[in-house]
There are 2 protein chains.
Amino acid sequence: MQKYGGSSVSDAESIKRVAKRIAQTKRAGHDVVVVVSAMGDTTDELIDLAQQVTPLPPQREMDILLTAGERISMSLLAMAINSLGVKAKSFTGQQAGVITDAVHGKARIVDVVPHRIRETIERGQVAIVAGFQGVTQSTNDVTTLGRGGSDTTAVALAAGLDADVCEIYTDVDGIFTADPRIVPSARKIDRITYEEMLEMAASGAKVLALRCVEYGRRYGVPIHVRSSFSGKEGTFVSADAYSAARPADAAAPSPADPPEETVMEDPIISGVAHDRSEAKITVVGVPDVPGTAARIFEVVAGSGVNIDMIVQNVSAARTGLTDISFSLPEGDGPAAMSALSALQGEIGFDSLQFDDQIGKLSLVGAGMKSHPGVSAKLFGALRDAGINIEMISTSEIRISVVTREDSLDDAVRAVHTAFELDAADGEAVVYAGTGR
Amino acid sequence: MQKYGGSSVSDAESIKRVAKRIAQTKRAGHDVVVVVSAMGDTTDELIDLAQQVTPLPPQREMDILLTAGERISMSLLAMAINSLGVKAKSFTGQQAGVITDAVHGKARIVDVVPHRIRETIERGQVAIVAGFQGVTQSTNDVTTLGRGGSDTTAVALAAGLDADVCEIYTDVDGIFTADPRIVPSARKIDRITYEEMLEMAASGAKVLALRCVEYGRRYGVPIHVRSSFSGKEGTFVSADAYSAARPADAAAPSPADPPEETVMEDPIISGVAHDRSEAKITVVGVPDVPGTAARIFEVVAGSGVNIDMIVQNVSAARTGLTDISFSLPEGDGPAAMSALSALQGEIGFDSLQFDDQIGKLSLVGAGMKSHPGVSAKLFGALRDAGINIEMISTSEIRISVVTREDSLDDAVRAVHTAFELDAADGEAVVYAGTGR
């Protein structure tokens with residue numbers, strides 16, 4: 001199972017390049033199923049067309065429109081593979097048996113029934129499947145899976161077909177210990193667990209979508225994130241990254257397979273993720289009465305907003321009052337603010353503050369469970385760098401802190417260095433792309 | 001039932017214009033089903049992309065690629081109609097129940113099972129259907145119908161839904177007595193029979209595809225060819241054009257409905273069609289022995305070539321020999337020539353001549369059945385214009401002659417005038433488009 005994103009199939013030339021890689025894999029004796037996204041900017045162009053027609057297109061029609069993108073890339077890719085003498089056929093999400101619920105625009109896969117894909121493989125042919133799309137069982141309507149949808153298609157199909165590995169080809173070399181645009185000495189991570197990867201993705205690492213990793217974990221599909229440009233090994237995401245052998249017959253040849261015995265000990269920390277897309281709302285001067293905070297978060301949740309971190313302080317304004325701050329996706333700001341405004345009469349707080357100039361840094365690593373002092377070291381590194389911490393939250397394998405947005409890059413670099421994640425000289429990996 | 005071609009939906013603006021017309025028709029109390037082609041140049045752009053990938057794409061993949069075009073136009077059109085407050089849903093050929101055989105690239109419709117379309121109409125919504133495409137019953141594979149495919153989809157769906165009329169919207173005002181680019185005084189034909197329209201289409205008139213008219217005749221679907229720009233009445237194609245009342249509830253309002261009683265008598269001639277796309281092959285010096293001609297046409301037909309007209313003359317070269325000429329589509333020339341060359345040893349003819357500088361003029365009219373002297377008048381008109389006739393063929397309602405290609409325009413004008421088809425002063429119809 002291989003998946004190629006839009007940047008890997010941006011024009012006829014890159015489609016031919018990808019076709020060559022697929023033909024090689026097939027000729028090496030592997031069964032190959034390929035999930036492909038729309039070409040380069042196609043999706044944006046289609047959205048733009050829709051906007052020219054109407055500002056509020058029905059989501060059902062939007063899904064039909066957008067799925068034209070994969071239709072183009074998948075048929076072109078199948079043509080290119082055929083022209084190399086390897087038989088290939090393309091399939092829509094519907095034809096591939098990707099069954100979803102009816103939530104247009106962000107449907108969830110409810111079942112994968114890949115009869116035709118299995119048939120195609122059994123005939124010795126390559127199956128190309130449109131990513132990002134599915135079909136409802138009851139009405140036979142076309143749906144799209146939303147952000148990260150093509151990755152999710154790939155992992156779901158890999159699970160449905162019992163594939164050895166799901167290779168996600170992208171424009172970077174794998175998952176890095178930090179964003180190499182911020183930390184030039186960031187290292188590629190060779191192996192990582194689903195849990196760590198989930199925390200990284202939830203904390204702003206953009207290479208793999210959260211739901212794709214969730215799907216992989218649920219069905220135990222090993223995911224290999226790698227570059228469609230370099231051909232090098234990337235990052236393996238699996239249940240037990242450090243002891244499990246890498247899948248015996250992963251689809252691509254790997255001359256540079258790192259010897260297993262070099263991994264002497266679990267690394268404590270996998271990497272440092274960051275996220276600029278959150279904002280902070282502070283409810284100032286809330287009467288310090290039992291149930292008030294609960295009411296506030298009840299109302300915010302009721303407006304469809306996902307709250308991330310919460311801090312409650314004694315109010316600087318007056319005694320007997322507290323300030324409650326929470327972070328949330330920036331785009332949810334207006335909904336949360338208006339829900340809270342409506343609550344002012346009932347609760348009687350002083351005012352609301354909205355702050356989108358925050359940044360979140362997250363340190364992720366399964367090893368921190370068994371290593372005390374990780375948070376102390378993190379706070380120390382930030383203090384030494386002169387960076388103020390505004391909020392803190394932790395899970396078993398993650399510590400997140402909120403800082404000012406303009407000190408986030410410095411914070412990431414400081415923490416990356418403090419936890420000895422920097423690559424040694426000469427070890428640095430060339431970072432190929434933009435991180436999408 | 002309305003059908004809009006690519007030039008009617010070439011960009012966001014024209015899609016909005018078409019949406020407005022559909023919404024008006026719906027608001028006037030009619031059930032509306034719309035068949036739509038791909039936007040403007042989309043199909044050509046997709047073909048170009050495929051060519052960049054491989055010179056010989058598999059036809060199955062080509063069909064998947066091309067059907068992306070209607071997917072885009074149909075969803076955009078549905079969005080535009082919804083934004084005018086009229087509920088509309090778009091459907092692929094598969095969803096609309098257009099079942100075809102498995103001949104990719106030029107599939108034929110074998111059945112239409114429009115459950116979902118009927119459901120949509122019954123809910124009071126507008127159904128938008130992708131033209132040009134269908135699905136195979138056995139394998140659920142996407143097919144395209146080839147040239148004139150969207151018109152055929154429209155007529156087939158109109159038949160399947162028992163629609164009152166199938167309106168084909170195009171960039172010209174209807175069917176004309178001759179191509180107005182050649183004969184500026186050509187008149188729009190108000191009514192024409194399926195048989196006449198078939199002869200016109202087979203003789204080079206390009207507004208309606210042959211198979212679409214055939215389908216209409218077989219299932220008795222009245223076809224109204226009209227302009228998507230002017231809103232004027234166009235040409236009605238039906239079983240009996242002159243006595244049948246026009247459909248009582250044709251889908252669009254028609255202030256300028258011509259009074260029936262002005263049609264005093266069947267016109268003898270419907271129009272003059274022309275065709276520059278044929279070529280002529282002459283087999284020179286064929287031994288005048290029984291069975292030789294049969295053998296020649298057997299071989300040509302065996303190479304997949306459609307022969308149109310045949311002439312056999314005593315050879316000018318030598319006595320005891322004849323020259324056999326036949327016309328055929330220019331594109332079939334190479335196949336026919338190589339098949340004939342291989343036959344030279346067997347039959348012993350002198351040489352082969354290929355001539356693509358011919359033009360064909362066809363006079364079409366159901367009235368000529370009962371009016372003797374039509375061919376005499378035709379030949380006289382051409383003689384008076386100094387035009388030489390090279391081949392002749394006739395059907396009950398058509399006379400075709402082959403001339404030199406460079407005198408074809410003069411021939412069309414001379415015949416158009418001789419049969420009094422020219423519009424009177426002030427009656428001339430503005431010709432809106434390019435005839436496609």
Side-chain angles (χ1 to χ4, degrees), chain A residues 9 11-16 18-19 38-39 42 45-46 48-84 87-92 94-95 97 115-116 119 128 130 135 139-142, chain B residues 9 11-16 18-19 38-39 42 45-46 48-84 87-92 94-95 97 115-116 119 128 130 135 139-142:
Chain A
V9 290
D11 55 19
E13 279 320 302
S14 51
I15 286 174
K16 287 196 233 180
V18 165
M39 290 169 72
T42 307
E45 285 165 19
L46 292 174
D48 184 53
L49 259 176
Q51 292 299 329
Q52 286 175 39
V53 168
T54 171
L56 273 175
Q59 201 54 59
R60 176 187 183 276
E61 301 303 326
M62 203 62 200
D63 278 359
I64 293 172
L65 179 67
L66 293 184
T67 49
E70 286 83 36
R71 217 175 173 79
I72 296 171
S73 57
M74 76 184 201
S75 52
L76 290 174
L77 184 56
M79 290 175 194
I81 297 170
N82 274 290
S83 80
L84 298 173
K87 283 245 157 44
K89 274 187 177 177
S90 68
F91 299 93
T92 61
Q94 189 238 11
Q95 292 172 332
H115 302 313
R116 294 199 67 187
E119 236 177 73
I128 313 289
V135 68
T139 61
N140 194 24
D141 270 321
V142 176
Chain B
V9 291
D11 55 20
E13 278 319 301
S14 51
I15 286 174
K16 288 196 232 179
V18 165
M39 290 169 72
T42 307
E45 285 164 21
L46 292 174
D48 184 52
L49 260 176
Q51 292 297 330
Q52 286 175 39
V53 168
T54 171
L56 272 175
Q59 201 54 60
R60 176 185 182 278
E61 301 303 326
M62 202 64 199
D63 279 359
I64 292 172
L65 178 67
L66 293 183
T67 50
E70 287 83 35
R71 215 171 176 81
I72 296 171
S73 56
M74 78 184 200
S75 52
L76 290 174
L77 184 55
M79 290 175 194
I81 296 170
N82 275 290
S83 81
L84 297 174
K87 282 244 157 44
K89 276 188 175 177
S90 68
F91 299 93
T92 61
Q94 189 238 14
Q95 291 172 333
H115 301 311
R116 294 199 67 187
E119 237 177 75
I128 313 290
V135 68
T139 61
N140 195 22
D141 271 321
V142 177

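Order of the sequence lines fixes the chain letters, A, B, ..., with proteins taken first and strands second; residue numbering starts at 1 for each chain.
Top candidate by heavy-atom pairs under 4.5 Å with chain A, chosen from B:A12, B:G69, B:S73, is B:A12. Top candidate by heavy-atom pairs under 4.5 Å with chain B, chosen from A:Q95, A:K89, A:E70, is A:K89. Put simply, of B:A80, B:P55, B:P58, the one with the most heavy-atom pairs under 4.5 Å next to chain A is B:P58.
Heavy atoms of B:T92 lying under 4.5 Å from chain A are absent altogether. Residue contact with chain A, scored on non-hydrogen atoms closer than 4.5 Å, involves the backbone and the side chain of B:I64 alike. For B:N140, the parts lying near chain A are the backbone and the side chain together; criterion is any non-hydrogen pair under 4.5 Å. The part of B:A88 that comes within reach of chain A is its backbone (N, CA, C, O), which places non-hydrogen atoms under 4.5 angstrom from that chain. The parts of B:T67 that come within reach of chain A are both its backbone and its side chain, each placing non-hydrogen atoms under 4.5 angstrom from that chain. Heavy atoms of B:M62 lying under 4.5 Å from chain A belong to its backbone as well as its side chain. When heavy atoms are compared at a cutoff of 4.5 Å, A:D141 approaches chain B by way of both its backbone and its side chain. Proximity to chain A (any heavy atom under 4.5 Å) is restricted, for B:Q94, to the side chain, taken from C-beta onward. Both the backbone and the side chain of A:T139 come within contact range of chain B, with heavy atoms under 4.5 Å apart. If you measure heavy-atom distances from A:L56 to chain B, you find no contacts under 4.5 Å at all.
At least one side-chain heavy atom of A:R60 sits under 4.5 Å from a side-chain heavy atom of B:S90. At least one side-chain heavy atom of B:I15 sits less than 4.5 Å from a side-chain heavy atom of B:M39. No side-chain heavy atom of B:N82 sits less than 4.5 Å from a side-chain heavy atom of A:T54. No side-chain heavy atom of A:Q52 sits under 4.5 Å from any side-chain heavy atom of B:L76. For the pair B:D11/B:S14, a side-chain contact is recorded, criterion being any heavy-atom separation below 4.5 Å from C-beta on.
Contact between B:S75 and B:R71 at its shortest, heavy atoms only, is OG-O, 2.8 Å.
A salt bridge links B:K16 with B:E13; the closest basic N to acidic carboxylate O contact falls under 4.0 Å.
With rounding to the nearest 0.5 Å, the separation of CE in B:M74 from CD in A:E61 is 7.0 Å.
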CA sep, side-chain torsions, deciding dist, call: A:L65, B:I72, side-chain contact (heavy atoms from CB on, under 4.5 Å): CA-CA 5 Å; A:L65 179 67; B:I72 296 171; 3.7 Å; yes

